[in-house]
Amino acid sequence: MTIFARISAALDGLLDDMVAAGELPAGLNHAAVTVEPPRDPSHGDMATNAAMVLAKPAGTNPRALAELIATRLRGLPEVESVDIAGPGFINMRLDRSAWEAELTLINERAGGYGRTDVGKGKRVNVEYVSANPTGPMHMGHCRGAVVGDALASLLAFSGYEVTREYYINDAGSQVQTLGQSVHLRYREALGEDIGEIPEGYYPGDYLIPIGQALAAEYGDKYVGVPDLVWLDLFRERAVAAMMDMIRADLALLGIHHDLFSSEAEMQKSGKVDAAIQRLTDMGLIYEGTLEQPKGEPADEDWAPVPMVLFRASQFGDDSDRPVKRPNGLYTYFGNDLAYHADKASRADELIDIWGADHAGTVKRIKAAVAALTQGKAKFDVKLVQMVRLLREGEPVKMSKRSGNFVTLADVVEEVGKDVVRFTMLTRKADAQMDFDFAKVVEASKDNPVFYVQYAHARIASLGRRVKEAFPGELPAADLSRFGAEELDLIKQMANFPRVVEGAANAHEPHRIAFYLYDLAAAFHGWWNLGNDQPERRVIVAGDIGLTASRLHLSAGIAQVIRNGLGLMGVAALEEMN
RNA sequence: GCGCCCGUAGCUCAGCUGGAUAGAGCACUCGCCUUCUAAGCGAGUGGUCGCAGGUUCGAAUCCUGCCGGGCGCGCCA
C-alpha cells in the first residue's frame, strides 16, 4: 500500500474504534473525510479534515473532536507528531522511515506504481476520434484523439476494464458525397477531363488512387449509368480506404482502438428500429412539429414540417428532437441514440469525447441515454475545445481546398508523436489552446515537454556516468543518508498515485502533465544544488555510499516520470539530442 | 432569444470535485554563471480570483442574477 492509502485506512479504522469506544455515534458517513498533503508544507506532511466534517453530525465541536482523533493518530507507528490548527485541521508529521519505505515501494512496484483498483473492474467504454471517414485526419481531430486515448489509459491503470471505441459515420449524406467524389476520380482515371472538382464534392487528391483502383478493376462499366447502380459500391470502397488512412494516421500517434462500430451496419442490423421501438413503448416518441429556431439570421426557407420526435425535453433537454426526417430516414441523432443504447448494453460507464462544436447536442444524447437506461448508466460527454495552430506567432490558415489544410500526419512528422501528445495534454480539455510549432519543440525550460523529458534524460545519464566515477559494484542504498531535500522529493513522488486517482475520477488526463512538470521542476532544483556544491551532486566523488543512495532516489523519480508519461502515451527519453 | 464552455498576476495557464496566507512559467527588477552536472542558477516585485448577492465553521471552487469573450441552435454530421 502507498503511504496515503495506509494512513487513510488507519484513520478509517481509528474512527471505527472511536465508535466502539462511544466517542463517536455509529453510522457516520466518512465519504467527505480526506487525507491529503496540506498546501503549505510547514503545516506538516498530511492533514485530515475529519474533525471538521464529522463534528456536526456527531453533535460536537471540531476542536474537541480533533483532540480525540489526534490522540489516537499519535499511536500510529508511522506518525511522528500530530497537532491541531485553525478551525480543526489535524496536521500530521510522518516519521522519515515512512517516506523511505515509499521510495522502496516505488522502485519495487516500478511500472505498477500508481496503479489502483478504484475502478473495481467496471467496464467503461471510451468513444473518441470518430472522425467522419471522408478524408485524412486533420489537426481538428488531434486533441480529442489524444485526450481520449490518455483517459482510456488512465482508467485502465485505475482498474477499469476499458474499451476504446471508434464510431464510423458511414451512413449519412457525407459518405454519399464521398462515393460520388470517388466516381469523379474514377472517370478521371479512365481518361476523362473532369476539370475542377465541383463545389460540394470532396476535392482531395487522396481520392485519386481509389478512383484509379476502381477503374483498373471495373473498366468503364460504371460510366454513364445511374448512380443507383454504382453508388453503394463506390461509397463502401471509399469508406474502407478512408478508414485505412485514418487508422494509419492514428497509428502515427500510437492510438489503436479496440472496436470500430459502423453506423451503417448498426442500421442494417435493426438495432435502430429496436431502440426507437423501446422509446415508443415508453411513450417517448410522437409525431409533431418543432418551433422555428431563433437563430440570428432567420431562415427564410423554414417551414413547419411534422416529424417523428423524441421527448428529450422530459430529460433535461431544451426541446424535443427529431429521430426521423420527413423522408422517413433516421436522423443522425436517431442512429446515435441507438448506438449509445448498444454501448450501454456492453458497459457500465460510457464516455464520449467530442469536439466543442458539438456542444449543442450533448443534452439530447444525455437525455436519450437517461431514457434508454432508466438513468442507470453513468455517461459523461467530454468536450474538447479547439486548437489554434500558430507558426511564428501567426495563425496557420486552414482552407478546405486540397493540400492546404494541416493534416495530423504532417504535424506528427514535423514535431514528433511525443511532442504532439504531451502538448495536447498541457491544457485542460475545456479550455482553448494554441499550438505553436516553434514553441512546442523549443529546447528550454519554458517548454514542459522538453523540461520533463530532460529530467528523465538527466537521470538516465547518471547510469552512464557513474561507471566512470565508480567502476565497481555499488553498495545497497542507505536511505538514512537522505537530507530534507531528498525526503521532500519522495513526498512529491508519493503524490503520484493520488494524482492518478484524481485524474481518472475527474476524467482529466491533463493533470498528469502538470504533475510531471512540477516533479521535473523539483528534480531540476535538487540537481542544481550540485552546481555550487559538489558534495550535493548525485555522483559524489569519494563517497560511494551517498552516490548509491542518491542514485536510488533518482531511479525512483525516473520511474514515476516514466509511469506518468506512459499514461500520456509519451516515450521517456534516455538522452536529449 | 436560448443553451454550453470560459473569465484567476502585465501575458499564457494550474488550482487536487468546499479547506488554512490563491500557485507556476513568461515578462520586469536585482544578484550569480571566465574551472564543476549551467540547451542557465538564485531572489524579488506583481491579485477587489469579471461584478453583486446567497448557501456554511470555511467559497476561486457550489447556487442565483448581471457583465464580457468563444462555440452552437429543425428536416447536416
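A note on names: the letters A, B, ... follow the listed sequences, proteins ahead of strands, and every chain is numbered from 1. Here the structure is a predicted model, which is why all the values come from computation and not from measurement.
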Atom-to-atom span, [atom1] of [X] to [atom2] of [N] - whole angstrom:
X      : N     : atom1 : atom2 : answer
A/D357 : B/C76 : CG    : P     : 18 Å
A/D518 : B/G23 : CG    : P     : 13 Å
A/Q267 : B/A77 : CD    : C1'   : 13 Å
A/M576 : B/G40 : CE    : P     : 11 Å
A/L290 : B/C75 : CG    : P     : 9 Å
A/K439 : B/A39 : NZ    : P     : 21 Å
A/Q533 : B/G42 : CD    : P     : 12 Å
A/R364 : B/C2  : CZ    : C1'   : 13 Å

Mind checking the [atom1] distance from [N] to [M]? Whole angstroms is fine.
N     : M     : atom1 : result
B/A9  : B/C51 : P     : 10 Å
B/G18 : B/C6  : P     : 15 Å
B/C49 : B/A14 : C1'   : 13 Å
B/A22 : B/G58 : C1'   : 15 Å
B/G23 : B/G69 : P     : 31 Å
B/U61 : B/G19 : C1'   : 11 Å
B/G10 : B/G46 : P     : 11 Å
B/U45 : B/G31 : C1'   : 15 Å

Quick check: does any side chain N or O of [X] sit under 3.5 Å from a backbone N or O of [Y], one acting as donor and the other as acceptor?
X      : Y      : value
A/D40  : A/S42  : yes
A/T426 : A/T423 : yes
A/D352 : A/E127 : no
A/N447 : A/K439 : yes
A/H510 : A/L425 : no
A/K382 : A/H507 : yes

(request) Kindly confirm or rule out a cation-pi arrangement of A/R388 over A/F435, judged by NZ or CZ under 6.0 Å from the six-membered ring centre and within 45° of its axis? (result) no
(request) State plainly whether the residues A/R550 and A/E486 are in salt-bridge range, i.e. N to O under 4.0 Å. (result) yes
(message) Quick check, does A/H43 stack with B/A20? I mean ring centres under 5.5 Å and planes off by under 30°.
(response) yes
(message) Between B/A77 and A/H358, is there a base-stacking contact, meaning the centre of the base's six-membered ring lies under 5.5 Å from the residue's ring centre while the planes stay under 30° apart?
(response) yes
Strictly by Watson-Crick or wobble contacts shorter than 3.5 Å, is anything paired with [N], and which nucleotide is it?
N     : value
B/A38 : none
B/C51 : B/G65
B/C2  : B/G72
B/A9  : none
B/A22 : none
B/A77 : none
B/U29 : B/A43

(message) As a test of the definition: with a 90° window around 0 for syn, would you call B/U17 syn or anti?
(response) syn
When all nucleic acid strands are considered with a 4.0 Å heavy-atom cut-off, which category describes [X]: base, sugar-phosphate, or nothing?
X      : result
A/R498 : base
A/A506 : base
A/P448 : nothing
A/V499 : nothing
A/A55  : nothing
A/D320 : nothing
A/S319 : nothing
A/L329 : nothing
A/N531 : base
A/G172 : sugar-phosphate

(request) By nearest nucleotide on RNA chain B, pick out whichever of A/P87 and A/V538 is the more 5' one. (result) A/P87
(request) With RNA chain B as reference, determine whether A/M52 or A/G502 sits nearer its 5' end, using the nearest nucleotide of each. (result) A/G502
(request) Compute whether any side-chain donor of one residue and acceptor of the other, for A/S261 and A/E165, lie under 3.5 angstrom apart. (result) yes
(message) Quick one about A/N169 and A/Q174 (side-chain donor to acceptor, distance below 3.5 Å, no hydrogens or angles considered), yes or no?
(response) no
So, OP1 or OP2 of [N]: does either fall under 4.0 Å of a side-chain N or O from [X]?
X      : N     : answer
A/R325 : B/C76 : yes
A/K56  : B/C57 : yes
A/Y454 : B/A39 : yes

(request) Output all residues satisfying ring-ring contact (aromatic ring centres under 6.0 Å, His included) with A/Y454, sequence neighbours left out; order by chain, then residue number. (result) A/F450, A/H524
Out of [options], which nucleotide sits closest to the side chain of [X]?
X      : options             : answer
A/Y332 : B/G72, B/A77, B/U17 : B/A77
A/S444 : B/C75, B/G3, B/G40  : B/G40
A/P322 : B/A77, B/G74, B/C71 : B/G74
A/Y517 : B/G40, B/G3, B/G25  : B/G25

(request) Grab the two heavy atoms, one from A/K445 and one from A/Y517, that are nearest each other, plus how far apart they are. (result) O-OH, 3.7 Å
(request) Return yes if the base of B/A20 and the side-chain atoms of A/N49 contain a donor-acceptor N/O pair under 3.5 Å, otherwise no. (result) no
Detail all sub-3.5 Å separations between protein N/O atoms and N/O atoms belonging to nucleotides 5-15 of chain B.
from: B/C5; atom 1: O2'; to: A/D430; atom 2: O; distance (Å): 3.0
from: B/U12; atom 1: O2'; to: A/R427; atom 2: NH1; distance (Å): 3.2
from: B/C13; atom 1: OP1; to: A/R427; atom 2: NH1; distance (Å): 3.4
from: B/A14; atom 1: OP1; to: A/K428; atom 2: N; distance (Å): 3.0
from: B/G15; atom 1: OP1; to: A/H510; atom 2: NE2; distance (Å): 3.1

